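A short write-up of the structure that comes next.
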Protein chains: 2
Amino acid sequence: MYRIGELAKRCEVTADTVRFYEKSGLLSTPVRSDSGYRLYSQADEAKVKFIRRAKNSGFTLQEIGELLSIRVEPKHHTCEEVKRIADEKIIELEQRIAELKRFQKSLKSLSERCCGGDESAVNCSILDALESQ
Amino acid sequence: MYRIGELAKRCEVTADTVRFYEKSGLLSTPVRSDSGYRLYSQADEAKVKFIRRAKNSGFTLQEIGELLSIRVEPKHHTCEEVKRIADEKIIELEQRIAELKRFQKSLKSLSERCCGGDESAVNCSILDALESQ
DNA sequence: CTTGACGTTGGAGCATACTTCAAGGTTTAT
DNA sequence: ATAAACCTTGAAGTATGCTCCAACGTCAAG
């Protein structure tokens, strides 16, 4: 068990962020030392890292909370529910990935058509690249 | 040329959002009718749609402004700059796509392992699915 | 035994991206 | 000609996700 600063360091967030996640209900109220310090372990580390990865993938904290609740109270969720939530998110991600790829394709076509030299970029418009798709 | 409501409708945003984009410098100050109404055309529509798509792909308005500035003042950007910005964003997108795919893979493995029935979800934790990767 | 790093709380503040409002003027349909 | 729908402005308000602060307690090192 280690304190909040250590957890924060391991997860590359600030202690404030950890406390904020707790307040937001994403992390359950932690064990406390005799002096009142929050104490954390591997499981908490995994959770915070999960939150960060999910956030990075574009999920809101609310959505992440939904996903995490599956674990916090697994007895209150049926497998049917879990599968439904997961399948919904899989489709959502599919769409987001497709959109990102489309966007990337536009940028690639822009980059390829752009001479890359030091002349003026009158012919290198990202909108034109997108419009020509 | 049509008014802000029409533009908003075409781009599936509110008129307020359009005015907000203008105030934020993403849209240049539009032509006005005699009575002072903003007037827009195809080009503006393309721009707003671009902003929306880019936002959806996870770019901030500031980043989008950067991308759009390439067009607004193409004479002030060299092809070198344009190529650099585009290539940077391509790499960023590559990473984001990879992260989303990783996330999706976790959800798929969860969904596959989950029986999907109406029993309690004690064995269907998303964190476990992620940890087992 | 004190200095410095770390922890506690509640509450305020901040950046982003809108959204709503008040109080008016304009346009369009009947 | 009048009602409904649309537009104008500036300014305030909202939701999300932190971030910082004050004023204090804890603890390890020298």
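Note on naming: letters A, B, ... go to the chains in the order of the sequence lines (proteins, then strands), and numbering restarts at 1 for each one. Since the structure is predicted, the reported quantities are computational estimates derived from the model, not experimental observations.
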Atom pair distance, as rounded to whole Å: [atom1] in [X] and [atom2] in [N]:
X: B/N56; N: C/dA17; atom1: CG; atom2: C1'; value: 14 Å
X: A/R3; N: D/dC27; atom1: CZ; atom2: C1'; value: 7 Å
X: B/L39; N: C/dT27; atom1: CG; atom2: P; value: 10 Å
X: A/K23; N: C/dG10; atom1: NZ; atom2: P; value: 9 Å
X: B/R19; N: D/dA11; atom1: CZ; atom2: P; value: 15 Å
X: A/D34; N: D/dG25; atom1: CG; atom2: P; value: 18 Å
X: B/R38; N: D/dC6; atom1: CZ; atom2: C1'; value: 13 Å
X: B/E6; N: D/dC7; atom1: CD; atom2: C1'; value: 14 Å

Does any non-hydrogen side-chain atom of [Y] lie less than 4.5 Å from one of [X]?
X: A/R32; Y: A/R38; result: yes
X: A/I51; Y: A/F59; result: no
X: A/F50; Y: A/K55; result: no

Short side-chain N/O contact from [X] to OP1 or OP2 of [N], under 4.0 Å:
X: B/S33; N: C/dT26; result: no
X: A/S24; N: D/dG17; result: no
X: A/S35; N: D/dC27; result: yes
X: B/R32; N: C/dT26; result: no

Counting only heavy atoms and a strict 4.0 angstrom limit, can you tell me which residues of residues 7-16 of chain A come near DNA chain C?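 Hits under 4.0 Å, by residue number: none.
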Any chance the side chains of B/Y2 and B/E45 put a donor and an acceptor closer than 3.5 Å?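 Their side chains do contain a donor-acceptor pair, which is all the 3.5 Å distance test asks for.
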Should B/V18 and B/L39 be regarded as members of a common hydrophobic cluster, given that ILVMFWY residues are connected when their side-chain heavy atoms come within less than 4.5 Å of each other, either directly or indirectly?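 The answer is no; the residues belong to distinct hydrophobic clusters.
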Quick one: label B/Y21 by what it contacts on the DNA or RNA (base, sugar-phosphate, nothing), any heavy atom closer than 4.0 Å.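 Sugar-phosphate contact only - B/Y21 comes under 4.0 Å of backbone atoms but never of a base.
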For A/T60, which contact category applies under a 4.0 Å heavy-atom criterion: base, sugar-phosphate, or nothing?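 Sugar-phosphate, backbone atoms only, no base.
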Checking contacts here: which listed nucleotide (C/dT27, D/dG25, D/dC18) is nearest the side-chain heavy atoms of A/Y37?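 Of the candidates, D/dG25 comes closest.
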Carboxylate-amine/guanidinium proximity below 4.0 Å for A/E80 and A/R84: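 The answer is no: the pair does not qualify as a salt bridge.
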For A/T17 and A/T14, run side chain to side chain donor-acceptor pair (under 3.5 Å): C-alpha distance rounded to whole Å, both residues' side-chain angles, the deciding distance at 0.1 Å, then the answer. CA-CA 5 Å; A/T17 298; A/T14 67; 3.0 Å; yes
